[in-house]
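Written below as structure tokens is the structure these notes are about.
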Amino acid sequence: MNAAAGRSLYCYPWDVGNAAQHVQRLQQLGMNGATLAVSYHAGKFLRPHAGAAPRVIFPQDGVVYFEPDLQRYGELQPLAHSDPAMRRVLADLLADGRLDIHAWTVLLHNSRLGSLHPEYTAANAFGDRYVYSLCPMQSAVFDYAVALSADIASRGVRSLVLETPGWLPHAHGYHHEFAQLRSNVWLDSMLGLCFCDACMAAGRQAGLDMARLRSTIACAVESYLQAPVDATPAQAHAWLQADLLALSDLAPWLRLRQQRVTDLVSAIRAAIPAQVQLSVIATVQRPTASNWLEGMDLAALATLADWIEVPFYEPDADAVSSDAWDCLRRVGSPAKVRAILRPGPPDLGDGAQIATAISHLAQLGVQELSFYNYGLLRPARLQALGEILNAGK
Ligand SMILES: [Zn+2]
């Protein structure tokens, strides 16, 4: 194991407490970095650490964990967390100086902004808005993402870790998702495509028949929902592949979406100081290669970013290896890949699996590692991870 390589633990601001003590804890676990949420969404988190209060936390939705420089922003404005202590965590960790601080920045998955600005949210083929997903084809959304990234990067962080620079998939992002029919990759993909005014205009400008594409997809989904059938997973995958060939405007449209996300990341790179590294989280889905639905193009992004940060959230080390092999094929170099591993349920259930996954990644040339997540893992899991990392130094 390369001792100089990054070892960073994902952390929420509400789990940090005293910055100096937190840094010491992470160093004892063999970490040289912390990946701190600085722009984050709502959720419900069970906290196993001794004395954690509240034991179950519902963080404020779509807020930032620092004092934003509001002059930088246009129509879409960030909102700072209401608790000044939460807004100080980033500055305190940076002032401590012993760890590399990576700013985990959720960009377009923001239901607070989506509620305030429904006109900028993604809209499916039926025109239904997804409040949790701002559409990057909208100029105001694009500008907000660039301004937020530049604002955070100006604070002295080692890297920006961008999450959701593109479209959220249909089956992600909202609490209490209800459907009394089985989801499948074909249905989720069709419902994950945005046909908002900006997307329609961008497609038309590229010569695509967007109205026909939208109505074909709406008809297919409508018919499927009415039919007394349920696709098997294999059928749904095959249907999606067949539609990618059959709908002549679909693949060019998906590539246009990828270009838009690449353009956004390029604009972010240009807006942040040269010494701040840029990392892009490859996907919020499994397996990683399905990320084209979010508008991600790993090969293009790897030419802009210092790191493609890949959540290898798999049940065993072999699945981590095969997903990594495919990622490397797309990214081009293991030196650009930062792995995120989850050393606890539902992934990599025991110490042996996590050690094997780390060793498999090293064999593929992937040396940079992040781990998820300080506040969610039991102390015993963190301890076991720390022993593995410290033994490898
Ligand atoms: Zn759109």
With respect to Asp306, which candidate in Arg269, Lys336, Arg158 satisfies the salt bridge (charged side-chain N to carboxylate O under 4.0 Å, His left out) definition?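 So, applying the salt bridge (charged side-chain N to carboxylate O under 4.0 Å, His left out) to Asp306 and each of Arg269, Lys336, Arg158, only Arg269 qualifies.
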
Give the intermediate values and the outcome of salt bridge (Lys or Arg N to Asp or Glu O under 4.0 Å) for residues Arg330 and Asp326. CA-CA 7 Å; Arg330 295 170 201 287; Asp326 182 67; 2.8 Å; yes

Does Arg342 count as lying over the ring of Tyr313, i.e. NZ or CZ under 6.0 Å from the six-ring centre, within 45 degrees of the axis?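 Ring-cation test returns yes.
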
Where does the angle between the aromatic ring planes of Trp104 and Tyr10 fall among parallel (under 30°), tilted (30 to 60°) and perpendicular (over 60°)?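 Taking Tyr10 first and then Trp104, their aromatic rings stand perpendicular (interplane angle over 60°).
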
Can you say whether the rings of Tyr132 and His109 are parallel (under 30°), tilted (30 to 60°) or perpendicular (over 60°)?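 Perpendicular: the ring planes of Tyr132 and His109 meet at over 60°.
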
Is it true that a side-chain atom of [X] and a backbone atom of [Y] form a donor plus acceptor pair closer than 3.5 Å?
{"X": "Arg260", "Y": "Gly295", "result": "no"}
{"X": "Ser159", "Y": "Leu278", "result": "no"}
{"X": "Ser223", "Y": "Cys219", "result": "no"}

Testing the basics here: between Asn390 and Gly30, what is the closest heavy-atom pair and its distance to 0.1 Å?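 Residues Asn390 and Gly30, closest heavy atoms: OD1-CA, 3.4 Å.
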
Among Tyr374, Tyr12, Trp14, ring pair (Phe, Tyr, Trp, His ring centres under 6.0 Å) partner for His22: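 When ring pair (Phe, Tyr, Trp, His ring centres under 6.0 Å) is applied between His22 and each of Tyr374, Tyr12, Trp14, only Tyr374 qualifies.
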
Stepwise side chain to side chain donor-acceptor pair (under 3.5 Å) check, Asp323 with Thr288: CA-CA 7 Å; Asp323 197 85; Thr288 306; 2.5 Å; yes

Going by the side-chain contact (heavy atoms from CB on, under 4.5 Å) test, name the single residue among Glu75, Gln77, Gln71 that passes it with Tyr73.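 Between Tyr73 and the candidates, side-chain contact (heavy atoms from CB on, under 4.5 Å) is satisfied uniquely by Gln77.
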
Looking at Val131, Asp61, Asn110, Thr121, which hits side-chain contact (heavy atoms from CB on, under 4.5 Å) with Ser115?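 That would be Val131.
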
Co-membership, hydrophobic cluster, residues [X] and [Y], 4.5 Å side-chain:
{"X": "Leu46", "Y": "Leu382", "value": "no"}
{"X": "Met31", "Y": "Leu93", "value": "yes"}
{"X": "Phe371", "Y": "Val284", "value": "yes"}

Ignoring hydrogens and angles, state whether a donor on the side chain of Gln277 or Trp307 is under 3.5 Å from an acceptor on the partner side chain.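 Side chains of Gln277 and Trp307: pair found under 3.5 Å.
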
Using residues 190-201 as the side-chain source, report each donor-acceptor pair under 3.5 Å to any protein atom, sequence neighbours left out, with the distance given to one decimal.
unit_1 : atom_1 : unit_2 : atom_2 : d
Asp197 : OD1    : Gln138 : NE2    : 2.7

Do the non-hydrogen side-chain atoms of Val16 and Gln21 ever get within less than 4.5 Å of each other?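 No. Closest side-chain heavy atoms not under 4.5 Å.
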
Quick check: do Thr164 and Glu294 have side-chain heavy atoms less than 4.5 Å from each other?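 No; the side chains remain at least 4.5 Å from each other.
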
After noting the C-alpha distance and the side-chain angles of His360 and Ser321, does the key distance pass the side chain to side chain donor-acceptor pair (under 3.5 Å) rule? CA-CA 6 Å; His360 284 181; Ser321 296; 2.8 Å; yes

Going by the salt bridge (charged side-chain N to carboxylate O under 4.0 Å, His left out) test, which pairs reach into residues 214-224, not counting sequence neighbours?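 For residues 214-224: none.
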
Without placing hydrogens or testing angles, list every side-chain donor-acceptor pair under 3.5 Å for residues 242-257, not counting sequence neighbours.
unit_1 : atom_1 : unit_2 : atom_2 : d
Asp243 : OD2    : Trp186 : NE1    : 2.8
Asp249 : OD2    : Asp209 : N      : 3.0
Arg257 : NH2    : Leu293 : O      : 2.6

